[in-house]
Amino acid sequence: MISMKLPKNYEAGEYESDIYALWEKSRVFVANPDSDKEHYSISMPPPNETGTLSLGHALFITLQDILARHARQQGKDVLWLPGTDHAALPVNAIIEKQLLDEGTNKHEVGREEFLRRTREFVGNSRNTMLSQMRAMGASADWTRLRYTLDDTLNRCVNETFVKMYGDGLIYRGNRIVNWDPNLETNVSDDEVIYTEEKGKFYTFKYGPFEIGTARPETKFGDKYVVMHPDDKRYAEYNHGDTFEVEWINGPITATIIKDEAADPNFGTGVMTITPWHSLVDFEIAERHGLDKQQIISFHGKLLQIAGEFADMPIHDARPLIVDKLAKKGLLVKTDDNYVHNVAINERGKGVIEPQIRLQWFVDVNKTVVLWKGKRQSLKEVLQSVIRDEDIELIPERFQKVYFNWIDNLRDWCISRQIWWGHRIPVWYRSDTDGKEETYVGVKPPTDQSEGWHEWEQDPDTLDTWFSSALWTWSTLIDQRLAEDYSLSLEDLLERSPDFKAYHPTNVMETGWDILFFWVARMILSTTYVTGQIPFKDIYLHGMVRAEDGKKMSKSRPESIIDPESIISEYGTDALRMALVMGVSPGNDQNWGRGKVAANRNFCNKLWNIARYIESVVDEGSRGGDAKPTSAADHWITNRLRISQEKITDDLDKYRFSEAYARLYRFIWDDLADWYIETSKAEPNSPLLIYLLESVLVLAHPFAPFVTETIWQTLAWHDNAVLASQPISTIINSDDDQARNFSELQAIVSEARSITKSLKVNNVKLLHENQPFLEENSAIIKQLARLQAVSPATNTDSHDGIYLTATRYKCWLDIDKAKAKAYVREIAAKKAIQESSIAQLESRLKNKNYLENAPSAVVDQTKQQLEAAQDLLVTLQAEEQRFSTS
RNA sequence: GGGCGAUUAGCUCAUUUGGCUAGAGCGCCUCAUUGACGUUGAGGAGGUGAUAGGUUCGAAUCCUAUAUCGCCCACCA
């Protein structure tokens, strides 16, 4: 025995950071676009720089890392490009909160100071997150780390904006937007969430009508009363009729509007409209060319039109206004149990107040995009790439969700009134007469004309998703080339080696929750700018939820599981495998610590397999020719081949959980519990070494740290890291020999089962001079923990319990009195066989079955029947033997 | 209101385009050994696949309804 280099238990924490440093030093994660190998690339979804990694991040890092490491093992040149996201809105919210806590605000500190603080904050977050990604074992190419706000990306953003503007895809207009008065910005439709709230619903008298509202504070300027054109109750009123009405602050002139947007079945069927603060009302006003008046300021307070209520926050004003109307005798009734949805900004949680603002939009319906030789709208391109299967979506059912989203897609509002982000590349100036000019360009305008004021850049920034939409290709542009503004965007793409080698990327692996925010928008921008799809496959994983099925949320700190605490307690590999075990595309998983311990144990199992093999193989066997000789050798070699093929196939199809389950069973059941136990009788050293190395490679994508630690500790290959090893070459095995081992397994299992149930030990297995059993007697004896396996002699009893699972005639030498207890089990087995025979027979009697089922299935049934009948005969004989004796 | 998903062992979940006796981890019961591993080994119990119909030679899988839970989209003044 050689000296043990591996300690008894695997203590992950002692090795992980050294192992990661080793990988980085070896540069195995660095991609090489000049390589002759097949290129394989994944863009890492850049996590928001808002703090620390969550279990959700841990999941995507694990899945992508498995894909990346597996691709390397298949001999591909792999680029897994990492990055982080500046996360405009969430970061803004955090900084504004910080300022508020300090008793100041962004206007007081100014844009420069605000941005300085923000940079400091995201810088700290970024460092934390990058080190956490490394701790997860991410085999990303850190030499190509990108950031959504870096200079190259900024140029790409500007180029894209200018190109779209030139094509008329970007326009500026007054539209209703979702205004957040707290953050003083608008947010996109997708960022608005609705929560149900119980409130009051008021009915007021409005001239001859009764109108309902939940928001009396918006009603000051309401001078249009709308009803459905077909509503018979109001047939006497004509579109355009005017009348005088006594209202909140005195009499006003109202106008009748007939519009189909009014629902005759809701309330009285009559409503007044507030076009400035409601999308539906805005659309009605647009259709009929009506006036629009702002009632509520951008800070959420009432304007001068509210008279005595001006400057009041809307919440304070509401009851007072109702009070006033009631005193005027205009309040008809109040419903206290009115349930309605309140719009909230998902980031920052401010209540949304629809407002009309001058904003920048992307037109999704204009047919100017050249795609596959045809002019199409952005919307049509989005639809066609999925419909035509240019991009495969996994799981497929998300196609429906995707198409449904696109069908309802409106123009994308891309401007934000926050400071942290890519500034809109538009400049304005006016001359002394008040004439205005607009400049849209990649770089600021430099000309300074007489009589004009200086150019001023649009104060707004772009929606974060506008920049992250460019992620797959902007990150592949050569950063030095990008500094050269004499090159066009097309030139940059054409001359960037990474773009040529790695785009389109192979797969976008991300959560289903950002399918619309991000994935769809990457498709939109990438097809438009580069003429390529951004990725060939989309794999959507589910959310990691708390064990009770609820979201892990900051409001319930006890629900949050921090990956770091799991790593320090159980090790990274255990965490990774716990995340993969049982995961399926698009489905959320409820996640508890229970799974982690099991996988920590699995790491330890692997560790001890290595420890054992190291202890038995002799020095000389290294580099020896691994060849199967025994039945067990052939069987395990055969199992390895099958496992390796299936795992590769599973991973190619993104069946992570299946691949892992297969690996787990192969290592624990086949290798450890059967093969190694068997090999204790007579170890085949070169084969053991081959098996260990193959298994380390196979397990490496799932458990990179423990496998590499073993590899390095054994140090069988100087200067080589496991992370760069290709998948093992298969050695040939003999199928008949492999089947022989299955026969041995059956004998061992049954012998174990019988001795166990009869609580006997030190039993002999006797046989009628069977050479096969004689050859393998040592193995059978050891595995089944028998006293001996030997041919029966004349003096031996033939009354023991015969094994029924094997074709070899053999029996356990157990005395009659004890053996009798086994009759019940035989009877039970017999009953099972009888019923299955009946079932199989009736199936085979069925003409339809014989005609319709594939012949392979029918043959299988016939074989099953035969086997069951054979077994039944044996069992009957056994039963007979016991009953007559 | 429109759509999507889930419902499988006590718990958490798989089951790869319909076909062997529906599997795994944890938990549970019994036993073993401590010479790779107690973070172990062996044996075992436990499922009418939510319910009711249908299609099919054959259904957890496809279809239709129902129930419960979850999610997405739209949003009504």
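Sequence lines set the chain letters: A, B, ... in the order given, protein chains first and strands last, and positions in each chain run from 1. No hydrogens, no waters, no symmetry mates; every other heavy atom, side chains included, goes into these values.
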Undergrad: Which is true for A:Lys653 with a 4.0 Å heavy-atom rule: it touches a base, it touches only sugar-phosphate, or it touches nothing?
TA: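 Since no nucleic acid heavy atom lies under 4.0 Å of A:Lys653, the category is nothing.
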Undergrad: Nearest whole Å is fine: how far is B:rC72 C1' from A:Asp189 CG?
TA: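 Result: 15 Å.
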Undergrad: Just to be sure I understand the rule, does A:Lys8 reach a base, reach only the sugar-phosphate, or reach nothing, if contact means heavy atoms closer than 4.0 Å?
TA: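 Since only primed, P, OP1 and OP2 atoms lie under 4.0 Å of A:Lys8, the category is sugar-phosphate.
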Undergrad: Considering every strand and a 4.0 Å limit on heavy-atom distances, what is the contact class for A:Arg752: base, sugar-phosphate, or nothing?
TA: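 Counting heavy atoms under 4.0 Å across all strands, the contact made by A:Arg752 is with sugar-phosphate only.
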Undergrad: Hey, are A:Asp407 and A:Gln383 close enough side-chain-wise for a donor-acceptor pair under 3.5 Å?
TA: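 On atom types as modelled, these side chains qualify, holding a pair under 3.5 Å.
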Undergrad: Could you give the distance separating B:rU8 and B:rA52 at their P atoms, to the nearest angstrom?
TA: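 Going atom to atom, P in each nucleotide, I get 15 Å.
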Undergrad: For A:His340 and A:Tyr338, I'd like to know if the aromatic rings sit close, meaning centre-to-centre distance below 6.0 Å.
TA: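 Under 6.0 Å, so yes.
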Undergrad: Please work out if A:Arg662 contacts a base, only the sugar-phosphate, or nothing of the nucleic acid, heavy-atom cut-off 4.0 Å.
TA: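 Since a base atom lies under 4.0 Å of A:Arg662, the category is base.
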Undergrad: Any carboxylate oxygen within less than 4.0 angstrom of a Lys/Arg side-chain nitrogen, looking at A:Asp231 and A:Lys258?
TA: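 The answer is no: the pair does not qualify as a salt bridge.
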Undergrad: Across all strands, who's sitting opposite B:rC57 as a Watson-Crick or G-U wobble pair, both distances under 3.5 Å?
TA: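 Across all strands, the one nucleotide that pairs with B:rC57 is B:rG19.
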Undergrad: Please determine, for the side chain of A:Trp512, which listed nucleotide (B:rG41, B:rG25, B:rC71) has the closest atom?
TA: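 The closest nucleotide is B:rC71.
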Undergrad: From the list B:rG5, B:rU40, B:rC75, which nucleotide is the closest neighbour of the side chain of A:Arg397?
TA: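 Within the option list, the nearest is B:rG5.
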Undergrad: Please give the distance between the P atoms of B:rC76 and B:rG18 as a whole number of Å.
TA: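 44 Å, rounded to whole Å.
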Undergrad: Please determine if A:Lys219 and A:Asp222 form a salt bridge, counting it only when a charged side-chain N lies under 4.0 Å from a carboxylate O.
TA: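 The answer is yes: the pair qualifies as a salt bridge.
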Undergrad: Mind checking A:Glu677 for me? I need base, sugar-phosphate or nothing, with any heavy atom below 4.0 Å counting as a touch.
TA: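 Counting heavy atoms under 4.0 Å across all strands, the contact made by A:Glu677 includes a base.
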Undergrad: What's the gap between B:rG10 and B:rC29 when it is taken at their C1' atoms, as a whole Å value?
TA: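 Between the two C1' atoms, the distance is 14 Å.
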Undergrad: Taking the nucleotide of RNA chain B with the nearest heavy atom to each, does A:Ala853 or A:Arg665 sit closer to the 5' end?
TA: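 In this pair, the answer is A:Ala853.
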Undergrad: Let me know, please, whether A:Val583 or A:Asn848 comes out on the 5' side of the other along RNA chain B by nearest nucleotide.
TA: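 Checking each residue's closest nucleotide, the 5'-ward one belongs to A:Val583.
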Undergrad: Provide the Watson-Crick or G-U wobble partner of B:rC4, both distances under 3.5 Å; none if there is no partner.
TA: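 Partner of B:rC4: B:rG70.
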Undergrad: Output the rounded distance in Å from CG (A:Leu786) to C1' (B:rA32).
TA: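 It works out to 14 Å between those atoms.
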Undergrad: Counting the atoms with a prime plus P, OP1 and OP2 as sugar-phosphate, which does A:Gln399 contact under 4.0 Å by heavy atoms, base, sugar-phosphate, or nothing?
TA: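 No contact at all - A:Gln399 keeps every heavy atom at 4.0 Å or more from the nucleic acid.
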Undergrad: Output the single nucleotide from B:rU39, B:rG19, B:rA14 whose closest atom is nearest the side chain of A:Asn587.
TA: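 Ranking B:rU39, B:rG19, B:rA14 by closest atom to the A:Asn587 side chain puts B:rA14 first.
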Undergrad: Taking a pair as Watson-Crick or G-U wobble with both distances under 3.5 Å, which nucleotide is matched to B:rU64?
TA: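 In the structure as shown, B:rU64 has B:rA52 as its Watson-Crick or wobble partner.
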Undergrad: Cut-off 3.5 Å, side chains only: do A:Tyr654 and A:Asp537 have a donor facing an acceptor?
TA: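 Their side chains do contain a donor-acceptor pair, which is all the 3.5 Å distance test asks for.
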Undergrad: Which is true for A:Lys680 with a 4.0 Å heavy-atom rule: it touches a base, it touches only sugar-phosphate, or it touches nothing?
TA: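 Contact class for A:Lys680: base.
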Undergrad: Base, sugar-phosphate alone, or nothing: which one does A:Asn341 contact when heavy atoms must sit under 4.0 Å apart?
TA: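 Base: the residue A:Asn341, judged by heavy atoms under 4.0 Å, touches a nucleobase.
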Undergrad: Mind checking if A:Gly269 touches a base, just sugar-phosphate, or nothing, with heavy atoms under 4.0 Å?
TA: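 Since a base atom lies under 4.0 Å of A:Gly269, the category is base.
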Undergrad: Have a look at A:Ala856 and say if it touches a base, only the backbone sugar-phosphate, or nothing, with a 4.0 Å heavy-atom cut-off.
TA: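 Answer is nothing: A:Ala856 stays at 4.0 Å or more from every strand.
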Undergrad: I need the A:His541 NE2 to A:Asp588 CG distance, nearest 0.5 Å.
TA: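 Answer for the NE2-CG pair, A:His541 versus A:Asp588, is 9.5 Å.
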Undergrad: Does A:Thr272 reach a base, just sugar-phosphate, or nothing at all? Heavy atoms under 4.0 Å.
TA: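 A:Thr272: backbone/sugar contact only, no base atoms under 4.0 Å.
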Undergrad: Among B:rG19, B:rA77, B:rU30, which is the nearest nucleotide to the side chain of A:Lys219?
TA: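 Of all the options, the side chain of A:Lys219 is nearest to B:rA77.
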Undergrad: Would you kindly say whether A:Asp259 and A:Tyr224 are connected by a side-chain donor-acceptor distance under 3.5 Å?
TA: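 Judged by distance alone, the side chains do not pair up.
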Undergrad: When we call it a touch if two heavy atoms are under 4.0 Å apart, what does A:Phe602 touch: a base, just sugar-phosphate, or nothing?
TA: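 No contact.
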Undergrad: With a 3.5 angstrom cut-off on both distances, give the Watson-Crick or G-U wobble partner of B:rU30, or none if there isn't one.
TA: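 Its partner is B:rA42 (Watson-Crick or G-U wobble, both distances under 3.5 Å).
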Undergrad: Reckon A:Asp263 touches a base, only the sugar-phosphate, or nothing at all at heavy-atom distances under 4.0 Å?
TA: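 Result for A:Asp263 = base.
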Undergrad: Does any nucleotide pair with B:rG47 by Watson-Crick or G-U wobble geometry, both distances under 3.5 Å, and what is it?
TA: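 Matched B:rG47 with nothing under the 3.5 Å cut-off.
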Undergrad: Please classify the nucleic acid contact of A:Val280 as base, sugar-phosphate, or nothing, using heavy-atom distances under 4.0 Å.
TA: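 Sugar-phosphate: the residue A:Val280, judged by heavy atoms under 4.0 Å, touches backbone atoms but no base.
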Undergrad: Round to the nearest Å and state the distance from A:Trp668 atom CH2 to B:rA42 atom P.
TA: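 It works out to 10 Å between those atoms.
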